[in-house]
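Below is one structure, written out as structure tokens; comments come after it.
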Amino acid sequence: MRPTAVIPALCCAVALVLSFLCLFAGHKKGFMEDYHMLTLNTSQLGTNLLNSSILDSLPLPDDVRNVFDTVQDQFGDEVNDVVLQVADSLGVADFYSAHLLDYCWGDYVPTPLPNATVSSDAIHKNLTACSPAKAMFYFNPNEIIERTLNESGVDVTLDDLQWPDDIQTGIDALRIIQRTAFVLYCIAIALIGISLLVSAAALFTSGRLSACLNVMVSVLAFLAIGLASALVTAVIVKGGDLINEYGDEIGLEAHKGSKFMAITWGATAAMLVALVDWCLETCIGHRRRKHAYSGVPKHG
Ligand SMILES: *[C@@H]1O[C@H](CO)[C@@H](O)[C@H](O)[C@H]1NC(C)=O
Ligand SMILES: *[C@@H]1O[C@H](CO)[C@@H](O)[C@H](O)[C@H]1NC(C)=O
Ligand SMILES: *[C@@H]1O[C@H](CO)[C@@H](O)[C@H](O)[C@H]1NC(C)=O
Ligand SMILES: *[C@@H]1O[C@H](CO)[C@@H](O)[C@H](O)[C@H]1NC(C)=O
Ligand SMILES: *[C@@H]1O[C@H](CO)[C@@H](O)[C@H](O)[C@H]1NC(C)=O
């Protein structure tokens with residue numbers, strides 16, 4: 001019996017649950033939507049179209065056009081309203097959120113822009129749908145927006161929107177990282193599961209061998225979940241910064257998934273505690289046995 005093995009076993013259980021949640025958060029509509037990696041706020045997309053001739057090809061009501069023709073103040077409420085209507089007429093949703101297995105989209109309710117009566121805290125996401133969950137999924141906003149424009153039948157392309165090439169280049173670079181992160185989460189879940197089983201088995205044995213085995217498995221599990229967390233953090237931070245930097249002028253904004261980062265690093269921390277615990281257990285157990293041997297009386 002080794003009652004101290006309860007602590008690392010519990011840590012493994014926590015890490016296992018958290019890493020499952022990382023993988024499956026948002027995999028279907030309404031399941032942990034807040035735990036997205038990135039959310040693109042596309043409600044203002046097309047801000048830069050306002051003065052362009054492309055506007056003529058959009059199905060906009062005449063009064064909206066007139067407002068824009070008469071209002072010269074670029075930042076007034078009326079212009080904001082026109083911007084929202086332009087985005088709507090493009091057929092683009094208000095937001096697109098990226099998860100490990102899919103992406104979801106929908107609209108901000110009651111309105112995407114806070115105003116005098118609606119504070120930013122009162123704005124919520126209203127999900128419309130999610131793409132089918134799929135292994136090795138990667139989030140490609142360029143393709144999503146392009147397909148939306150194609151399907152909505154407006155005669156506007158990504159080029160017309162002046163979609164920055166740098167976003168495309170950056171997202172391409174992140175694709176391989178995103179896929180690697182998915183594979184690492186799967187490996188991490190398997191290793192953490194094995195770690196949990198070995199820890200639980202160690203509750204009923206006391207040999208040094210089982211402690212060593214636990215150290216080995218938990219090192220691997222810790223490395224896998226740590227690396228997965230680091231990669232996904234890179235995608236969130238790099239991708240978010242990139243989109244905010246280059247997307248600003250076309251009205252694109254990215255929100256980074258802080259809750260997702262919290263659970264993935266939480267899982268990593270839990271595995272670190274389990275690992276440290278098993279290392280201590282191995283050393284202390286070793287010393288304990290040494291003392292026990294030296295206490296054995298010697299006979300002739
Ligand atoms: C639109 O044109 C007006 C007047 O020509 C100019 O003042 C304004 O800055 C332009 N707005 C945008 C978004 O380009
Ligand atoms: C704020 O937005 C809401 C929802 O679109 C609208 O009903 C309300 O009139 C707006 N308030 C102001 C002061 O513009
Ligand atoms: C949320 O979206 C659904 C359709 O996807 C719609 O029926 C519902 O009215 C929306 N809710 C709000 C508060 O706008
Ligand atoms: C959108 O349409 C263009 C031209 O028809 C085509 O080349 C492009 O592949 C389409 N994009 C998507 C994502 O379907
Ligand atoms: C969406 O982005 C616009 C700027 O592009 C910002 O003003 C607005 O507050 C954002 N809305 C939400 C709900 O994040």
Side-chain angles (χ1 to χ4, degrees), residues 26 28-31 33-50 54 57 73-98 102-132 134 137-165 167-168 171-172 175 236 239-260:
K28 62 179 188 205
K29 186 179 163 186
F31 180 71
E33 169 57 31
D34 283 351
Y35 293 79
H36 55 88
M37 296 196 293
L38 282 172
T39 290
L40 297 191
N41 169 355
T42 43
S43 61
Q44 305 280 291
L45 204 66
T47 312
N48 57 326
L49 294 183
L50 288 187
I54 291 160
S57 66
D73 171 16
Q74 275 194 68
F75 300 102
D77 274 353
E78 280 164 313
V79 172
N80 278 340
D81 202 47
V82 175
V83 170
L84 291 181
Q85 300 226 28
V86 169
D88 274 351
S89 67
L90 290 172
V92 177
D94 278 355
F95 67 84
Y96 293 86
S97 56
D102 65 349
Y103 69 94
C104 300
W105 66 94
D107 293 317
Y108 289 117
V109 288
T111 165
L113 282 178
N115 64 18
T117 48
V118 180
S119 72
S120 52
D121 291 342
I123 297 178
H124 297 290
K125 284 166 150 184
N126 187 19
L127 282 176
T128 304
C130 297
S131 68
K134 151 169 160 240
F137 164 78
Y138 83 100
F139 185 58
N140 185 350
N142 306 32
E143 196 219 320
I144 295 168
I145 304 285
E146 190 179 9
R147 184 149 18 88
T148 309
L149 293 175
N150 278 4
E151 282 168 5
S152 67
V154 293
D155 193 16
V156 176
T157 62
L158 280 188
D159 285 344
D160 294 333
L161 282 178
Q162 290 156 21
W163 190 270
D165 286 342
I167 292 188
Q168 177 75 65
I171 297 291
D172 282 348
R175 173 184 339 192
I236 292 173
D241 286 348
L242 189 90
I243 289 168
N244 283 332
E245 185 181 345
Y246 297 108
D248 190 40
E249 56 198 273
I250 63 165
L252 190 61
E253 194 180 272
H255 302 293
K256 297 172 196 166
S258 47
K259 287 184 175 174
F260 186 93

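Start at 1 and go down the list; that is how both ligands and their atoms are numbered.
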Practice prompt. Would you sort out whether Leu149 and Asp160 count as a side-chain contact (heavy atoms from CB on, under 4.5 Å), showing the intermediate values?
Written response: CA-CA 11 Å; Leu149 293 175; Asp160 294 333; over 6 Å; no
Can you report which non-hydrogen protein atom sits closest to [atom], along with the distance?
atom: atom 7 (O) of ligand 4; answer: Glu146 OE2, 4.8 Å
atom: atom 5 (O) of ligand 5; answer: Gln44 CG, 3.4 Å
atom: atom 10 (C) of ligand 4; answer: Asn150 ND2, 2.4 Å

State, without any angle test, whether [X] and [Y] hold a side-chain donor-acceptor pair at a distance under 3.5 Å.
X: Lys125; Y: Thr39; value: yes
X: Asp121; Y: Ser119; value: no
X: Gln168; Y: Asp172; value: yes

Strictly distance-based, threshold 3.5 Å: is any side-chain N or O of [X] a donor or acceptor partner for the main-chain N or O of [Y]?
X: Ser131; Y: Asp102; value: no
X: Asp94; Y: Tyr108; value: yes
X: Asn126; Y: Asp107; value: no

What are the atoms of ligand 5, with element, lying closer than 4.0 Å to any heavy atom of [X]?
X: Asn41; result: 1 (C), 2 (O), 3 (C), 8 (C), 10 (C), 11 (N), 12 (C), 14 (O)
X: Ile123; result: 13 (C)
X: Pro114; result: 9 (O)
X: Tyr108; result: 13 (C)

Worksheet item: Do ligand 5 and Pro112 have nitrogen or oxygen atoms that lie under 3.5 Å from each other?
Response: yes
Item to complete: Answer yes or no: does atom CG of Asn244 have more than 12 heavy-atom neighbours from other residues, nucleotides or ligands under 6.0 Å?
Response: yes
Item to complete: Mind running side chain to side chain donor-acceptor pair (under 3.5 Å) on Asp159 and Thr157 for me, showing each step along the way?
Response: CA-CA 5 Å; Asp159 285 344; Thr157 62; 4.8 Å; no
Worksheet item: When you look for heavy atoms under 4.0 Å from ligand 5, do you find them on the side chain of Leu252, its backbone, both, or neither?
Response: neither
Worksheet entry | Ser43 contact mode with ligand 5 (heavy-atom cut-off under 4.0 Å) | side chain
Discussion item. Could you check whether atom 12 (C) of ligand 4 has a protein contact, counting only heavy atoms that fall below 4.0 angstrom?
Written reply: yes
Discussion item. I want to confirm something. Looking only at heavy atoms, which of Thr128, Asn126, Val109 is nearest to atom 1 (C) of ligand 3?
Written reply: Asn126
Discussion item. Among Glu253, His124, His255, Lys125, which one puts a heavy atom closest to atom 4 (C) of ligand 5?
Written reply: Glu253
